[in-house]
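Some notes on the structure that comes next.
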Amino acid sequence: MRGKEIILNGVDKTYQTRTGNVQALSKVSLTIERSSFVSIVGPSGCGKSTLMNLIAGLDTPSEGTIMMNGEKVTGPTSGNAVVFQKDLLQEWRTILGNVLLPMEIHNITWLHRSGNKTNRARALELLASVGLKGFEDKYPNELSGGMRQRAAICRALIQEPKLLLMDEPFGALDALTREQMMYDLLKIAAEFGFTVLFITHSIEEAVFLSDRVLVMSERPGAIVKDIEIDLEKPRGIRTRSNPKFAQYVQNVREIFKNEGILSEV
Ligand SMILES: Nc1ncnc2c1ncn2[C@@H]1O[C@H](COP(=O)(O)OP(=O)(O)OP(=O)(O)O)[C@@H](O)[C@H]1O
């Protein structure tokens, strides 16, 4: 298996602020299996990004431990790549230059697993695989939001991550582009076999993409439900009209209703 295994045990996070303590997470324990696709869905401010930052090693828990492939996470670890809602492309670099940036920063000049390719050849191949062939020499401001985000995903993938952390990566995209990005992401994840931790506000997106959906309560965020999504793969346009898909979505809505996060008039 190529992905990372993640184990959280009793993770709490409290931020000390000028106006007092803010408890963002409460007793989060969970295991994410290697090469699985796990989504976290929860209301705004419930601690989703906090959880992701802790797993990425960008911050430390106040209580509890996070283990990755059997080792305690104490800082950023190699083999992780992160994609945020904002693509964070460097405007003064071409699209190809942006995709190559992490390789330059980390001075990586490996020949890629996928067939002894140079960084440049691999970047061009990745860009082509997400429909950006011919845009390599353009600058980010010459691309649409969806194209930019696809370039940002290539920038993550060129690092051949074992864990891809995605914090509302499609949040800023129009509905059709967003849907296409989901199909593309599933294809790439199946091909590479990395573990994906995906944060979203969208129940449909979480159910469609995931092997498991973790539902979080309001702050301090806790996992109130861990749902295995047993929908056939590969998933695609037809999955959306599968009654089982609708039932999973409905189940998650009911959980939010019971938690007082969604209400009907
Ligand atoms: N660095 C920080 N310092 C102090 N408080 C913080 C910090 N980061 C987050 N918080 C607080 O912790 C809580 C959880 O924030 P977080 O960003 O993790 O939520 P979220 O679920 O990702 O929200 P959203 O869905 O709106 O992006 C919020 O109340 C937020 O104000």
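Every heavy atom of this structure was used, including side-chain atoms; hydrogens, water molecules and symmetry mates were not. Note that ligands are numbered from 1 as they come in the structure, with each ligand's atoms numbered from 1 the same way.
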Checklist entry - Where's the contact between M216 and ligand 1, heavy-atom distance under 4.0 Å: side chain, backbone, both or neither? => result neither
Next on the checklist: Give me the nearest non-hydrogen protein atom to atom 30 (C) of ligand 1 as residue plus atom name, then the distance to 0.1 Å.
Outcome noted: V22 CG1, 5.0 Å
Checklist entry - When you measure from atom 26 (O) of ligand 1 to every protein heavy atom, which one gives the shortest distance, and what is it? => result S44 OG, 2.6 Å
Checklist entry - For K13, is the nearest heavy atom under 4.0 Å from an atom of ligand 1? => result no
Next on the checklist: I need the atoms of ligand 1 closer than 4.0 Å to a non-hydrogen atom of G47, numbered in the order shown.
Outcome noted: 14 (C), 16 (P), 18 (O), 19 (O), 20 (P), 21 (O)
Checklist outcome for this item: Note: ligand 1 atoms sitting under 4.0 Å from heavy atoms of T50 are 14 (C), 15 (O), 16 (P), 18 (O)
Checklist entry - Ignoring hydrogens and geometry, is there a side-chain-to-backbone donor-acceptor pair from R34 to G193 under 3.5 Å? => result no
Please tabulate, for side-chain N and O atoms in residues 167-177, each donor-acceptor pair with protein atoms closer than 3.5 Å (sequence neighbours left out).
| residue | atom | partner | partner atom | Å |
| --- | --- | --- | --- | --- |
| D167 | OD2 | S49 | OG | 2.8 |
| E168 | OE1 | H201 | ND1 | 3.3 |
| D174 | OD1 | T177 | OG1 | 2.5 |
| D174 | OD2 | L176 | N | 3.3 |
| D174 | OD2 | T177 | N | 3.1 |
| D174 | OD2 | T177 | OG1 | 3.1 |

Checklist entry - Taking non-hydrogen atoms only, is T17 closer than 4.0 angstrom to ligand 1 via side chain, backbone, both or neither? => result side chain
Checklist entry - Can you tell me the protein heavy atom closest to atom 9 (C) of ligand 1 and the distance? => result Y15 CE1, 3.4 Å
Checklist entry - Below 6.0 angstrom between ring centroids: does that apply to F194 and F37? => result no
Next on the checklist: Going by the closest heavy atom to atom 24 (P) of ligand 1, which one wins out of G171, P220, G45?
Outcome noted: G45
Checklist entry - Distance-only, no hydrogens or angles: does the T195 side chain make a donor-acceptor pair with backbone N or O of S35 under 3.5 Å? => result yes
Checklist entry - Should C46 be counted as touching ligand 1, given the test is an N or O pair under 3.5 Å? => result yes
Next on the checklist: With no hydrogens and no angle check, just 3.5 Å: does a side-chain donor-acceptor pair link N69 and K162?
Outcome noted: no
Item to check | Protein contact to atom 27 (O) of ligand 1 [nearest heavy atom, distance to 0.1 Å] | outcome: E168 OE2, 3.8 Å
Item to check | Identity and distance of the protein heavy atom lying nearest atom 13 (C) of ligand 1 | outcome: R219 CD, 3.5 Å
Checklist outcome for this item: For I229 and V207, the nearest pair of non-hydrogen atoms, with its separation, is CG2-O, 3.6 Å
Checklist entry - In this structure, which one of N53, T50, D59 forms a side-chain hydrogen bond (donor to acceptor under 3.5 Å, both in side chains) with K13? => result D59
Checklist entry - Taking 4.0 angstrom as the limit, do E179 and R240 come out as a salt bridge? => result yes
Please tabulate, for side-chain N and O atoms in residues 220-228, each donor-acceptor pair with protein atoms closer than 3.5 Å (sequence neighbours left out).
| residue | atom | partner | partner atom | Å |
| --- | --- | --- | --- | --- |
| D226 | OD1 | R212 | NE | 2.9 |
| D226 | OD2 | R212 | NH2 | 2.7 |

Next on the checklist: Which residue and atom name correspond to the protein heavy atom nearest atom 17 (O) of ligand 1, and how close is it?
Outcome noted: S49 CB, 3.8 Å
